Each structure stands twice: as structure tokens, then as C-alpha cells.
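Okay, so here's the structure we're looking at.
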Number of protein chains: 4
Amino acid sequence: MAPATNAAEASSTGGSGRRHHGNRHGRSEQARLAVLRVADGLLVEKGFAGVTMEGIAARAGVAKQTIYRWWKSKTDVLMDAFLQDATEDLTAPDFGDIALDLRDYLRRLAWFLSESDPGAVFKALIAQAQHDPVFAQDFRSRYLDGQRRRDRLPLERAVDRGQLPPDLDMAAETDQLVGPLYYRVLVTDEPIGHEFTDGLVDAFLRRHKLTARTKS
Amino acid sequence: MAPATNAAEASSTGGSGRRHHGNRHGRSEQARLAVLRVADGLLVEKGFAGVTMEGIAARAGVAKQTIYRWWKSKTDVLMDAFLQDATEDLTAPDFGDIALDLRDYLRRLAWFLSESDPGAVFKALIAQAQHDPVFAQDFRSRYLDGQRRRDRLPLERAVDRGQLPPDLDMAAETDQLVGPLYYRVLVTDEPIGHEFTDGLVDAFLRRHKLTARTKS
Amino acid sequence: MAPATNAAEASSTGGSGRRHHGNRHGRSEQARLAVLRVADGLLVEKGFAGVTMEGIAARAGVAKQTIYRWWKSKTDVLMDAFLQDATEDLTAPDFGDIALDLRDYLRRLAWFLSESDPGAVFKALIAQAQHDPVFAQDFRSRYLDGQRRRDRLPLERAVDRGQLPPDLDMAAETDQLVGPLYYRVLVTDEPIGHEFTDGLVDAFLRRHKLTARTKS
Amino acid sequence: MAPATNAAEASSTGGSGRRHHGNRHGRSEQARLAVLRVADGLLVEKGFAGVTMEGIAARAGVAKQTIYRWWKSKTDVLMDAFLQDATEDLTAPDFGDIALDLRDYLRRLAWFLSESDPGAVFKALIAQAQHDPVFAQDFRSRYLDGQRRRDRLPLERAVDRGQLPPDLDMAAETDQLVGPLYYRVLVTDEPIGHEFTDGLVDAFLRRHKLTARTKS
DNA sequence: GACTAAACGAGACGGTACGTCACGTCTTAGC
DNA sequence: GCTAAGACGTGACGTACCGTCTCGTTTAGTC
């Protein structure tokens, strides 16, 4: 069984010989990391249906009770794993120009959603959110709200710079920029190339009568 | 699993006196309809997790084996139920004007997705499609491809009329119109009012330098 | 379910190769024989649990309904198959001497029970009789009673000859002769050699103060 | 499946401090007893076909999985129930005389087989043994072998006493004594009165030229 | 020669039970 | 006090047969 080795690796990150297996010193970091890593791995390897509490417990060398003590469902585990991996990855750069900022950001968002491993987890979580309103609420407050704030950043900076009018409907504009990406990823499964994301930016510029300073 | 629907259509379209009576020999239309009706009802009433093969069988007064004989999973049942309810409901009207057509169509699409019962089933199916690529493929070929064709209709008519240039990137334009709706429905769960759908149409018109003839 | 056999016999007397598949005048001999043959074969090949109505129907190329029309259960089919094969096989010879008669008969009975294919079917039927009193009654009246009469024949002939007293308790004596055979076959599964059956005869002779005329 | 019973016994007899290590907290004695009691009850009440895993589980308030964890089939459960009830009940008394010992023992064996509840279970198990060689082997090693040893006891004691010659063929003699009982119980279903069992003893005495000291 | 009636093959149907899987709760022993 | 281990009740899974019920065909015999 792999867990022995995995556990060893996990504990080696804790500097000195501080291994606690079951003890009176609070939660086992080792167990927590093993669970998250295994959950991620199972999702990528066997798909959503292949992620089970029993499967995670067995492969992580962890007791089921330990998982239930700290997470309330397998989707909660996956969300934790996702948050650990994904947070702060998707912040738009500041090139000082709305066109450049958006172009870069949408490309990276597209890649994240359609190509990356965390993107696969994201899709699984969004799927779960369709089935479970409580989970949906949780997912929004723990990830999506923050993501929406990051989505809006380039526009806010452009308003600050005076490139865009201050009375812009931020929510609607953001939805028009990122909505088509999510639509392709979640619904049509068509590939998203640079021409598609760049096209979104161009459309945005055109309807606000702006022009791109540079072209890629 | 197309045969299920085909058989149903075949037998239901058999307009005149040809219909066989108790419908023994061959599939039981009664059982088929009961299953679809019950599946739909369970989804709306108890959510996706509340839809089980056993539950459908019990409530529909049907043997489990009968369900498995004609559908390969509960999502396959739900898809059939969805197709029976939803097909052809979402065809854009033809008012002779792109602005009017789009305004009406997006409002109805928004209502369908966020308010209607079939819309709830649609969300469940899209969720399942995230988890199961085979199902996703099936769903696309049996519903989404047709829906995309319907989405494009208003634009195609406008091109025919000369309101829009013939070299328009249909796919990209459609995605920008409907993508934000799906995004709100599937991801952010924000309410979609007329101001939002109308705003999408206005943005479309602005970036193509058109003006709305009328306002609703 | 006696009619099954009777009908079969009646129709089998109809001379030449008059095969009818489905017709106005009674049952298909072809189907009847196929069912019995297949039932026997399945029992020998896959054991009792491997004999199913569906299995018989499929392998015999017969509709389930046809089986149910003529037999009331799979054990009823097996009983018919058994009766067809086994009846009249086990009649004691008449060598004119009780010792010789018994010796030969018990050997053949032992072989029948423990070695022959019909013996295997017999064991399955006796087993079923433990579980189902109605079947047990049927089996007794259709086979066991006759068999008991055949068991008693050598003793009756000996009484007629004057070798044994006329007030002999036939039932008890027969049970002591054949009971140990059935016991070994059904309960202990120990092999039954000639020394065992001959020993039973010797014990019989000894307690009735007879001596064997010949020895084999 | 011997471990089931053994484990249970081990845990119930594990009085002092030496607790078992293999099972963290081990099997539920309560569940085990409920299953055995219910299985017995169902057999007596509804016959063999009325004993189902689902029925046992439901009536015993136990999960099906719990039954499958410890027993491999319903007949395995019944065997366990039978062994719990029946073992050691059928030991011949020692009156110091072969005639008395046998007379008493055969009467009690007859009663056990034909009248008692465990006797009904025994018949069901013997029936199953006809259908399933693996089960048959198991049943023999867990019950029948011991029973055969008990059958032989009166004869062995008589040999020790000098009432019978030491070169007696124990197996054959035992089969002649008990075989007719099993035959009547399993095959002919004729009632077994004292006159029948006593007759078996008398025949035994006669062929060994012994006389009964007392008569009942 | 058309018609009728019995038996046929086929196979869908409502069911029961099977044996398996994962759930979430729980108890116990070790560190 | 947290851990690994794992038994437990619950409930759904997908499968195998059960016995019943039309279907549409085949085939004698009757009119």
C-alpha cells in the first residue's frame, strides 16, 4: 500500500521529526494533506464518480472518521483541494491598458477552465452546485465571489485610469466578457483559442469605442 | 439510446386508426410515459439526488427491469423526459427585425433556463455532462446541437435581410449573446431580468453599429 | 400434473414422424422432448441451481409459455424427465432365490443412486421434496410408491416360495435393506461397494436364519 | 465458514483480560444471535423458500451486508443456527447394555429427525447438500462426522464391555441401524413409531445372537 | 378455399431477491 | 484528543428469473 510512502513524503515537509499520527496535539496536517492530494488524484484519474469517501480513506491511509471530522462531504473535500490549488492564480496583470489586461486575463482564464487540472475540479464543483443549493452557496462564498472580484479588476482599473466611464455596469460587462468562456467550457465543449478570447476583447472595445493600443 | 424516443415518436405519430390497443407486444407506451413523467416530477420535487431508478420504478408502478430495458441510466431517463418537454419550445420568433427578435428570444431563453421546470432538468443534465463525457456527447447530439442552431436563427435571418454582414462569425456572436445567460444560470446564480437580456442585445447592436427600431 | 406424461404418451403412440409445430390437435412432441432433454442436460451440466425455466426455454428453442402450459415448475419438468428415463429400470430379477435376487437388486439400486445420471436427478428431486410438501406428495405417488413396490418384490416372491414366513413385516424389512443405501447416498456420501450391499443381504439372511446358496 | 461461529465463541468466552486484537471492537454478538434466531424462525414458519437474505435482514433488524460479512449464503446461516441448537443433543445414554442404549438412542434420533424443529432444519440442510457439493462437504465436516461418531458410541461401548466382538464392521452396522430412519424421514415420509425403531434394535440383536435383557 | 382454433416462438411486463457498493455513524485501542 | 481500523444500519445499484400476458404465425380440421 502506497500510503506508507505518501505519509512519509507528507511528513518530510514538516521540517524536523514532528510526526504525529494520532496524538493530543490537534489536527494531523499529514492526514489533511494526504486527503486533499488523494481526492484530487482520484478525480483526475477516475472521474467524479470514482471519488468516494471510502476510496479517499483507503488510498490516503486515513480513517473515514477523520475525513468526516473535518469535511462534510466528498465535494467539500474537493472544494478544499481546489481552493488550495487554485486561489490567486487568476489575477489579471496590470499592463496599464485595458485591452492588454483583458487580452491576457481571458487567455489565462480560458486555459485554466479548459486545460488545467484545477479546471477539471472546478467543473466538477460547478456540476455539484447544480444539484445541491447548499453546496452552491458555499462554493460561491468561498470561491466564486472572489473570482468575480478578480474578473472585475481590469475594468475597475480602467475606470480609475479614465479609460472607461465610472457609471459602467460592471456586472453586466464582466458577464459579457467571461460568460462566453464558461458557456463554451460547460455547455458546448468547443475549444477556446486565442482568436475567441481576443474576439471578446475586441467586441468589448468596439462597443465602448476604444481601440487597442497594441495587437498580439 | 435514441431508439427510446424514436419508438415513442413512431407510435405517437401513428395518427389514424392503426394504433395497437393495450400495446402489448412491443413496448408499453403507458410504462414509457409513466417513467418520464415520474422522473421529471421527482427531479423537481426532490432534486437530482432524489431521482433514483428504484424511486422512479416504484412511483411509476413499473418494474426496474423495464426501465433498464429502455434507458441506460437515470440521466438517460431525464434526458428523454427533457427532450419530450423541451424540444421546439425555444425557437426565436420572426418579427422582421434583429433587435426585436433577439430581445424576445433572449428573454424567453432566460426564463426557460432559470424559471421553468424543463430548465431545472436542463441544469441537471448539464451537470451530469461535466462528469460523464459519453453522456455529454449524447446530450450534445440529441439536444445542444439543435439548440445552437436555433440560437443562430435570428442572426441568420438578419444576414438574409441585409441587416448584418454575411461574413459575421456566427458562433462567436451567438456565444456572446447566450453565453452570459448560461453563465449566470450555471455559475453565479444571479437573477436574470429583462434589463440584463436587453442589455446584451443593446451591446450587440452597438458593436455592430445598429439601432433598435422599437423599445419594449 | 400427470396429464403431461399421459398426453405425451398418447401422442407418441401416433406412429410415424408426424411432426407438428403449432396446430389444432394437441401438443408438440418435438417441444416436449426438447424440454425434457435440455432439463436433464442442464442439471447434469450445471447443477440444480443451473436449471431455470428461462434457461430451458432458451436452450430448447421453446417459448417459456409452452413450458408453463404443460408443467407447473422446473422440478415438475425434472420429474417428468426422470420418469421418462428411470421407470422400470429397477425391477429385481428372479433367480428363484432370495439371496441371489437381493444381492443383484441392491447392487443395481446402489449403482443407480450413486452413479447414474438419473440417480443425480433423483437426488435433486428428493432434495426438492424436503422443501415442498406438495411436490413431495406428487413425487411419491408418481415414483416412490412404485419403487417401493419393486423393492418389495424379491421378498414377496420368497414368501410365495416358502423361503420366508408369510407374516413378515414387509415394510420394515425393505427399509432395512434399502434404507442404508439411501442413507449413504443422501447423507454421508460414502461410496457404496459390493461388500456393503452384500453385507446388507448377509445380515438379512442371518437374522432370518437363511444361508446363501451361492456366493458371487 | 467455520470462522463465523468460532469467532463468535471466542469473543463470548473471552472472559479475562486477553482481548482479541485482530478485530478492533469485533463483531456484534447481538446481530449474530438475531440472525440465527430469525433464520430458524423463518424456516419453521414459512419453509425453506421463505428464508431469504432480505427477509432475515429485515426481521432481524440487521443490514444485509452484515449477514454477507459473516455468512456466505442463507444455507450457511441455517447451518450455523442448526449447529447452535442441535449439537450434543443426540448423545446415546449409557445404561450399561447395548439393547437399552440402542433402543433409547434410536427413539430419540427418530424424534429429532421427524418431530423437532432442528430436525426440520436438518432436512433443509441435507436437501441443500444434494444441490451443492461444496456445502455438502462443509456440512459433513461441521456436523455429520460428529454425528456419526455419536451414532457409533453405543456399539463401541458394547465392544468394550465384551457384548460385541471387536472385529465388528462399525460403519456397516451403524448404517443398518440409522439408515432406515433417515430413509423414512427423507424419502418415504412414513411415520416412525417405537415399534419401528425397536424392530431395528431387535433385528440387530438377532443377527448378532444377543437377547434383550428388558423389553419396553 | 376460406375460416377457425389450438399451440407455437417470441418477448415485454410487474415483481422478488440477489449480491455489491458507498454512505454516514459508531465503538475500540494505540500513541 | 486525535488517530487508524473497521463493524454497523441504510439504501440504491444493476442482474437474474419468476410467472403472466399479449402478439403474430403456423397448421390441421371444418364448413
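Since this is a predicted model, take the numbers as computed values, not measurements. In what follows, every chain begins at residue 1, and chains take the letters A, B, ... in the order their sequences are listed.
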**Request:** In whole angstrom, give the distance that lies between atom CZ of R27(C) and atom C1' of dT27(F).
**Result:** 18 Å

**Message:** Can you measure F48(D) atom CZ to dA17(E) atom P for me and round it to whole angstrom units?
**Reply:** 14 Å

**Request:** Would you indicate whether the side-chain heavy atoms of M79(D) and Q84(D) approach each other to under 4.5 Å?
**Result:** no

**K72(A) NZ - dT25(E) C1' separation (whole Å)** = 18 Å

**Asked** When the distance from CH2 of W71(B) to C1' of dA12(E) is rounded to whole Å, what number comes out?
**Response** 13 Å

**Message:** Could you work out, with salt bridge (Lys or Arg N to Asp or Glu O under 4.0 Å) as the rule, every residue matching D138(A), not counting sequence neighbours?
**Reply:** K72(A), R142(A)

**Asked** Could you state the CG-P distance from D76(B) to dG14(F), rounded to the nearest angstrom?
**Response** 12 Å

**Prompt:** Which nucleotide in the set dC8(F), dC18(F), dC23(E) lies at the smallest distance from any side-chain heavy atom of K74(A)?
**Reply:** dC23(E)

**Prompt:** Whole Å only: how far is the CH2 atom of W70(A) from the P atom of dA4(F)?
**Reply:** 12 Å

**Message:** Assuming nearest nucleotide by heavy-atom distance, tell me which of S28(D) and T52(C) is located more 5' along DNA chain F.
**Reply:** S28(D)

**Request:** With sequence neighbours excluded, tell me which residues meet side chain to side chain contact (heavy atoms under 4.5 Å, CB included) with A120(D).
**Result:** none

**Prompt:** Rounded to the Å, how far apart are I67(D) CD1 and dT10(F) P?
**Reply:** 12 Å

**Request:** Sequence neighbours left out, what passes side chain to side chain contact (heavy atoms under 4.5 Å, CB included) with A124(B)? Give chain and number order.
**Result:** H131(A), L43(B), F48(B)

**Request:** Within residues 55-66 of chain B, find the residues that approach DNA chain E with a heavy atom at under 4.0 Å, and present them sorted by residue number.
**Result:** G61(B), V62(B), A63(B), Q65(B), T66(B)

**Asked** Relative to the 5' end of DNA chain F, which residue comes earlier, A31(D) or S73(B), by the nucleotide with the nearest heavy atom?
**Response** A31(D)

**Asked** What nucleotide among dA12(E), dC18(F), dC8(F) has an atom nearest to a side-chain atom of R69(D)?
**Response** dC8(F)

**Fill in**
Whole-Å distance, Y68(C) OH to dC8(E) P, equals 15 Å

**Message:** How close do V77(D) and L36(D) get, counting heavy atoms only, and between which atoms?
**Reply:** O-CD2, 3.6 Å

**Message:** Assuming nearest nucleotide by heavy-atom distance, tell me which of V51(D) and E54(C) is located more 5' along DNA chain E.
**Reply:** E54(C)

**Any pair counted as salt bridge (Lys or Arg N to Asp or Glu O under 4.0 Å), so long as it reaches residues 49-63 of chain B, sequence neighbours left out** = E45(B)-R59(B), E54(B)-K64(B)

**Message:** Applying side chain to side chain contact (heavy atoms under 4.5 Å, CB included), can you list everything that pairs with T66(C), at least two apart in sequence or on another chain?
**Reply:** A31(C), V62(C), A63(C), R69(C), W70(C)

